[in-house]
Amino acid sequence: MLKQRIPPSTRHQARRFQQRHSLAQAAYTSSASPSSSSSSASKPRIILGIESSCDDSCASVVTSDKRILSSIVTRQDHSHTHGIHPLVAALNHHSNIPTTIASALAHANLTHTDIDAVAVTQGPGMNSSLGVGLTAAKTLAALLDKPIIYVHHMQAHALTPLLTEQIPPRFPFLTLLVSGGHTLLVLARGVSEFQILATTTDDSIGDAFDKVARDLAIPWAHAPGAALESFCAQSSDAAQPDALSFPVPQKGKTSFSYSGLKSAVTRHVQHQGGPSAMTDEQRRQVAQAFQAAACAQLEDKLAMALRPTTATTGAASRRVPPRIDMGVDPLSIKSVVCSGGVAANAFLRTRLRTALDGIDRRDVQLSFPPLALCTDNAAMIAFAGHLLWHQRTNDYTRNSRAKWSVEDI
Ligand code: KG4
Ligand code: ZN
């Protein structure tokens, strides 16, 4: 008998998508349509996706007509070590990957013979974790005599709304990739054509959420960032919104920075005598002030890229707000995708919409994948595999790439 933690929400999500996307296929007209490369119009292609870049062991089956037949995420609990230990994560992947893959096929009501290809995350991520998924994928591909498709993890995050949105974003679109390893503002010109407009000079936003959650001793089981968000949302009568604020670093610059904000929070908490010396309300104030400052950097960069260019005539004496040059007219960008684990944050979702409205860009469609597909999952890997079908190969010499820029795909 299979014993593993398969979140019921994931199963429901998969079923919901199966229903929604089988109806929505006809509306999908992007040039990136995976079904356009399908060998037969009547029989959609089926790809098994495998993802193991960090601590979640993920497997999923997705069809070329955008039905998620299964999406299994087997989580690890690293809360007792206050962070992810790479060796422990890899050992847990070794234990979890076999049953996760078997479970993805079982939930899809398929057997291995139904699979047309295996797509797998090659990087970026932790080498020791990536290697487990890669070996499983290569072995399966060789055994089944099916092609393998190597996928860039951040590319898969960026392309997820092409799978999940009723009206998929059209290229070129802007994407904010916010995860445990990355904070990127990227112009997506095509399925494999990404231009980094801003990146972090130090830590990622996800890392900052995790560190602050630990500083404030907020209990967490899987994602400290999610625990911090829930903690912020627990209001009380004594709540004093905006009583505390942290400076927003890098305002007007074409980069992000989170180490200064992390240190500011640490110093503040130490000054108060540590989390145990603080009331729940004091800790909540710190968490809320941090969350607002962390999200403000993303709002700032979004506005710098998408603010309509103002007329120059007669405006020489007026201060021109700093902007990010994308090489295209900001008004031609009609879609923004925010993806990666931190995109699950509801406060961030609201703030980004407000920021776009604030610069008079109500015409911009802002999409976030559904929560289960914001954080790491293999449905995004399998779907990217469909988009990258032309890159299928029998080459098993490709190994994990811990560091791999989204510009070098
Ligand atoms: O994309 P992801 O699942 O894994 C990486 O590729 O890194 O992102 C994980 C990050 C972690 O830092 C986690 O704490 C954060 O996303 N995260 C959140 C939320 N859910 C996950 N951060 C803020 N609010 C959330 N709701
Ligand atoms: Zn990720």
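These numbers were taken from a predicted model, which means no experiment stands behind them.
- Taking the side chain as every heavy atom from C-beta outward, His152 and Val406 approach each other to under 4.5 Å.
- Not one N or O on the side chain of His94 forms a donor-acceptor pair closer than 3.5 Å with the backbone of Ala89.
- Contacts classified as side-chain hydrogen bond (donor to acceptor under 3.5 Å, both in side chains) and involving residues 340-353 (residues at least two apart or in different chains) are given here: Gln291-Asn345, Glu299-Arg351, Arg353-Asp357.
- The environment of CD1 in Ile167 is sparse: at most 12 heavy-atom neighbours from other residues, nucleotides or ligands sit within 6.0 Å.
- Remark: Asp215 CG to Arg283 CZ distance equals 11.5 Å, nearest 0.5 Å.
- A distance-only check finds a donor-acceptor pair linking the side chain of Ser230 to the backbone of Ala226 [under 3.5 Å].
- Under the rule for a side-chain contact (heavy atoms from CB on, under 4.5 Å), the partners of Ala136 that lie at least two apart in sequence or sit in another chain are Ile97, Ile101.
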Discussion item. As a quick check of understanding, evaluate side chain to side chain donor-acceptor pair (under 3.5 Å) for Ser255 and Lys301, giving each step before the final call.
Written reply: CA-CA 8 Å; Ser255 55; Lys301 255 37 95 180; 5.9 Å; no

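- Taking each heavy atom of Gln391 and Ser192 in turn, the nearest pair found is NE2-OG, 4.1 Å.
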Item to complete: Determine, step by step, whether His153 and Asp376 satisfy the side chain to side chain donor-acceptor pair (under 3.5 Å) criterion, reporting the C-alpha distance in whole Å, the side-chain angles of both residues, the deciding distance to 0.1 Å, and the verdict.
Response: CA-CA 9 Å; His153 181 85; Asp376 287 348; 3.0 Å; yes

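- For the atom pair CD1 of Ile409 and CZ of Arg401, the computed distance is 9.5 Å after rounding to the nearest 0.5 Å.
- Ion pairing between Lys262 and Asp207 holds under the 4.0 Å rule for side-chain N and carboxylate O.
- Taking CG from Leu197 and CG from Leu185, the interatomic distance works out to 5.0 Å, rounded to the nearest 0.5 Å.
- Geometrically, Lys334 does not engage Phe173 in a cation-pi contact, judged by NZ or CZ lying under 6.0 Å from the ring centre and within 45° of the ring axis.
- Looking only at distances, no side-chain donor or acceptor of Thr135 sits under 3.5 Å from a matching main-chain atom of Val132.
- Listed here is the closest heavy atom pair of Asp203 and Ser259: OD2-CB, 3.2 Å.
- A donor-acceptor contact shorter than 3.5 Å links the side chain of Arg284 to the backbone of Gln234.
- Although no hydrogens or angles enter the test, the distance criterion places a donor-acceptor pair under 3.5 Å between the side chain of Gln122 and the main chain of Asn399.
- At least one side-chain heavy atom of Thr393 sits under 4.5 Å from a side-chain heavy atom of Ile148.
- Between Ser60 and Leu48 the shortest side-chain heavy-atom distance does not fall below 4.5 Å.
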Worksheet item: What's the verdict on salt bridge (charged side-chain N to carboxylate O under 4.0 Å, His left out) for Arg75 and Asp77, showing C-alpha distance, side-chain angles and the deciding distance?
Response: CA-CA 7 Å; Arg75 302 199 190 288; Asp77 184 352; over 6 Å; no

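- For Ala108, the side-chain contact (heavy atoms from CB on, under 4.5 Å) test picks out Val61, Leu69, Ser70, Leu110, with sequence neighbours left out.
- You'll find the side chain of Gln297 reaches within 4.5 Å of the side chain of Pro249, heavy atoms only.
- Side chain of Ser339 to main chain of His157: a donor-acceptor pair is present (N/O by atom type, distance under 3.5 Å, no hydrogens or angles).
- In summary, the side chains of Gln250 and Ser257 do not present any donor paired with an acceptor at a separation below 3.5 Å, with no hydrogens or angles considered.
- At least one donor-acceptor pair closer than 3.5 Å links the side chain of His107 to the backbone N or O of Ser103.
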Practice prompt. Please step through side-chain contact (heavy atoms from CB on, under 4.5 Å) for the pair Leu352 and Phe368, ending with a clear verdict.
Written response: CA-CA 11 Å; Leu352 292 181; Phe368 300 89; 4.1 Å; yes

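- Of all non-hydrogen atoms in Thr254 and Ile324, the two that sit nearest each other are CG2-CG1, 3.6 Å.
- For Arg362 and Asp360, the salt-bridge test passes: some basic side-chain N is under 4.0 Å from an acidic carboxylate O.
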Practice prompt. Walk me through it: do Asp363 and Arg361 pass the test salt bridge (charged side-chain N to carboxylate O under 4.0 Å, His left out)?
Written response: CA-CA 5 Å; Asp363 59 316; Arg361 292 303 310 268; 2.9 Å; yes

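- Two residues are said to be in side-chain contact when any heavy atoms from C-beta on lie closer than 4.5 Å; Met304 and Pro321 fail this criterion.
- In this structure, Glu229 contributes its side chain and Ala346 its backbone to a donor-acceptor pair below 3.5 Å.
- Distance alone, capped at 3.5 Å, places no donor-acceptor pair between the Gln195 side chain and the Glu407 backbone.
- Using a cut-off of 4.0 Å between Lys/Arg side-chain N and Asp/Glu carboxylate O, Asp210 and Arg214 are scored as not salt-bridged.
- Remark: Asp300 does not engage Lys251 in a salt bridge, criterion side-chain N to carboxylate O under 4.0 Å.
- Taking CG of Leu348 as the reference point, atom SG of Cys295 lies at 4.5 Å (rounded to 0.5 Å).
- Taking 4.5 Å as the limit, some side-chain heavy atom of Ser335 sits within range of a side-chain heavy atom of Gln365.
- Closest heavy-atom contact between Ile149 and Gly385: CD1-O, 3.4 Å.
- Between the Ser179 side chain and the Gly340 main chain, no donor and acceptor come within less than 3.5 Å of each other.
- For His390, the NE2 atom sits in a packed shell: over 12 heavy atoms of surrounding residues, nucleotides or ligands are nearer than 6.0 Å.
- Annotation: side chain of Asp55 is not in contact with side chain of Ser129 (no heavy-atom distance under 4.5 Å).
- Phe171 has its side chain within reach of Val191: a pair of non-hydrogen atoms, C-beta onward, lies under 4.5 Å apart.
- Crowding of Lys146 atom NZ: a count of heavy atoms from other residues, nucleotides or ligands under 6.0 Å exceeding 12.
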